[in-house]
Asks: 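So that we are looking at the same thing, I have put the structure below in structure tokens.
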Amino acid sequence: MTAATVAPSADPAAVPQRARRLVTELPGPRSRELEAERRRHVTEGFGVTLPVFIDRAEGSLLVDVDRNRIIDFASGIAVTSVGAANPRVAERAAAQLGRFTHTCFMVTEYSSFVEVCRWLNEHTPGDFDKRTALFSTGAEAVENAVKIARSATRRPNVLVFDEAYHGRTQLTMAMTAKENPYRLNFGPLPGAVFRGPTAPAHLAPADPAASAEYVAEALAGVETVLAEAGPETFAAMVVEPVQGEGGFVVHTDGFLAGLREIATRHGIVLVVDEIQAGMGRTGALFASEHDGVAGDITLSAKALGAGLPLSAVTGRAELMNAVHPGGLGGTYAGNPVACEAALAVFELLEDGSLLAGARGIEAAVRARFEPLLAHDGVASVRGRGAMMAVEFGDASGPRADVAKAAAAAANAAGVLTLTCGTHGNVIRLLPPLGIEPEVLDEGLAVLEAAIRGALS
Ligand SMILES: Cc1ncc(COP(=O)(O)O)c(C=O)c1O
């Protein structure tokens with residue numbers, strides 16, 4: 001789409017400060033120049049959703065190097081839930097930068113690391129004694145959860161699920177379901193990873209008895225996979241409480257509780273991967289709260305550090321302490337600047353307004369897009385809180401073409417929108433939790449027009 005079709009705002013000076021504004025087509029001339037440099041110096045192995053270069057963030061808008069103001073429905077893939085330029089995060093992180101940037105927690109210690117662990121022990125689901133280990137990335141948290149579960153159980157195998165996404169490192173790539181782009185040509189993948197079925201809520205029968213039967217079938221399928229190698233060989237079962245990259249898939253009521261029961265019965269460590277869905281994203285602090293389920297281990301990352309790399313493995317004290325001293329760690333694990341950012345995030349979550357914001361986003365997204373279900377081509381509107389998605393499909397199957405065209409049109413119009421799903425046929429919305437209502441509304445209106453255009 002070009003500037004001519006996007007219709008940039010008529011008079012930039014008249015546009016309120018906190019509003020979308022396009023002064024060039026996207027990408028603009030300066031972004032194009034920088035993109036040419038990128039092509040010369042950066043590997044082609046990194047994709048990009050919208051090739052604009054960002055100068056700064058303001059509230060829930062990203063301002064690019066051509067002074068375009070873009071509505072952020074991506075939050076850096078569910079990371080900047082408190083906004084990408086939150087003053088409290090900046091203040092705490094800047095103060096820490098002035099004190100020291102790094103010591104390595106395995107060399108000398110600092111109290112912010114301990115404070116982050118304390119908060120996670122107190123706030124993650126599960127009324128039991130907990131300990132936490134901090135790392136840097138989500139994949140690193142997943143890898144370490146598996147290490148801990150193996151060490152505690154002395155069992156090798158790991159169960160994961162259809163549509164799962166757990167990262168791009170060797171083990172987490174094997175745990176991730178989607179072949180292209182995540183696993184393609186990167187084999188051989190590590191073994192000892194088994195995949196079980198799920199019970200997606202958007203495919204569940206409406207009738208409660210039939211829905212219970214549908215969940216029971218999926219759980220029986222899980223038992224069948226465990227039986228392949230013997231349930232006593234499984235160290236961990238790793239599940240996303242709302243699946244992220246796989247398409248914002250909410251599990252049918254009873255499925256996570258069923259996994260909890262199976263894991264307990266077989267002595268398998270239930271690892272709940274809250275890396276994308278946690279830290280308030282779904283309108284609860286942790287998404288597994290919606291299901292009344294507590295993992296033996298809960299994983300956090302992404303929004304935990306508000307953009308500074310920080311991840312956490314929080315679990316039952318006896319599991320977390322089963323690892324031999326020195327068995328866990330990493331040079332940058334729990335970096336002090338990132339820990340200060342997390343402490344700022346905890347402060348910002350304190351009064352519940354961000355959680356309420358997430359719930360408000362769900363209501364606004366449903367009100368805007370559920371009427372589109374009447375159109376052939378819109379298959380479902382799903383998700384929880386500020387983790388909402390629109391799925392495209394019709395009798396011919398998944399419609400990745402519609403998702404792609406609609407997302408491209410929204411992006412060109414200055415509403416940063418991501419796709420996801422095993423078939424690439426899902427548009428997902430991940431706005432900052434405190435997005436201004438008028439900005440949310442404008443972004444949704446632009447996206448609705450883009451979807452209607454792609455469907456016609
Ligand atoms: C559920 C889940 N687990 C793990 C990861 C991997 O996190 P990272 O990209 O920080 O390694 C992601 C990232 O999208 C995720 O959504």
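Model, not experiment: these values are computed from the prediction. In listed order, ligands and their atoms are each counted from 1. The figures that follow rest on heavy atoms only: side chains count, while hydrogens, waters and symmetry mates do not.
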Asks: Which part of Glu245 is near ligand 1, with near meaning a heavy atom under 4.0 Å away: side chain, backbone, both or neither?
Replies: side chain
Asks: Less than 4.0 Å between a side-chain N and a carboxylate O, is that true for Arg281 and Glu274?
Replies: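 No, no charged N to carboxylate O under 4.0 Å.
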Asks: Tell me whether Ala139 has any N or O atom under 3.5 angstrom from an N or O of ligand 1.
Replies: yes
Asks: Quick one: which ligand 1 atoms are inside 4.0 Å of a heavy atom on Glu240?
Replies: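 Under 4.0 Å from Glu240, ligand 1 has these atoms: 1 (C).
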Asks: To check your reading of the model: name the closest protein heavy atom to atom 4 (C) of ligand 1, its residue, and the distance in Å.
Replies: His166 O, 3.3 Å
Asks: With a cut-off of 4.0 Å, which atoms of ligand 1 are near a heavy atom of Ile275?
Replies: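 Contacts of ligand 1 toward Ile275, numbered from 1: 2 (C), 3 (N), 4 (C), 5 (C), 12 (C), 15 (C).
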Asks: Apply side chain to side chain contact (heavy atoms under 4.5 Å, CB included) to residues Thr176 and Glu245 and explain how you reach the verdict.
Replies: CA-CA 9 Å; Thr176 290; Glu245 306 299 303; over 6 Å; no
Asks: Students should be able to answer this: which protein heavy-atom is nearest to atom 16 (O) of ligand 1, and at what distance?
Replies: Gln276 NE2, 2.9 Å
Asks: Identify each donor-acceptor pair in which a side-chain atom of residues 298-309 lies under 3.5 Å from a protein atom, sequence neighbours left out, and give them as a table.
Replies:
from   : atom 1 : to    : atom 2 : distance (Å)
Lys302 : NZ     : Ile77 : O      : 3.0

Asks: Phe234 vs Phe194 aromatic rings, parallel, tilted or perpendicular, using cut-offs 30° and 60°?
Replies: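 Correct class here is perpendicular.
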Asks: How about His290 and Thr282: does a side-chain donor come under 3.5 Å of a side-chain acceptor?
Replies: yes
Asks: Does any N or O atom in Gly138 lie less than 3.5 angstrom from one in ligand 1, N or O only?
Replies: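 Yes, Gly138 has an N/O under 3.5 Å of an N/O on ligand 1.
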Asks: Under 4.0 Å, heavy atoms only, figure out whether ligand 1 is touched by the backbone of Lys302, its side chain, both or neither.
Replies: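 Side chain only; the backbone of Lys302 stays clear of ligand 1.
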Asks: Within less than 4.0 angstrom of ligand 1, does Asp273 place any heavy atom?
Replies: yes
Asks: Salt bridge check, Arg99 against Glu340: does any charged N sit closer than 4.0 Å to a carboxylate O?
Replies: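 Judged by the 4.0 Å cut-off on N to carboxylate O distance, Glu340 and Arg99 do form a salt bridge.
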Asks: Does ligand 1 come near enough to Glu140 that some N or O of the ligand is less than 3.5 Å from an N or O of the residue?
Replies: no
Asks: For Ile361 versus Leu433, what's the shortest heavy-atom pair and its separation?
Replies: CD1-O, 3.8 Å
Asks: Using protein heavy atoms only, decide if any is under 4.0 Å from atom 9 (O) of ligand 1.
Replies: no
Asks: Which heavy atom in Arg382 sits nearest to a heavy atom in Ser380, and how many Å separate them?
Replies: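 Shortest heavy-atom separation between Arg382 and Ser380 comes out as NH1-OG, 3.1 Å.
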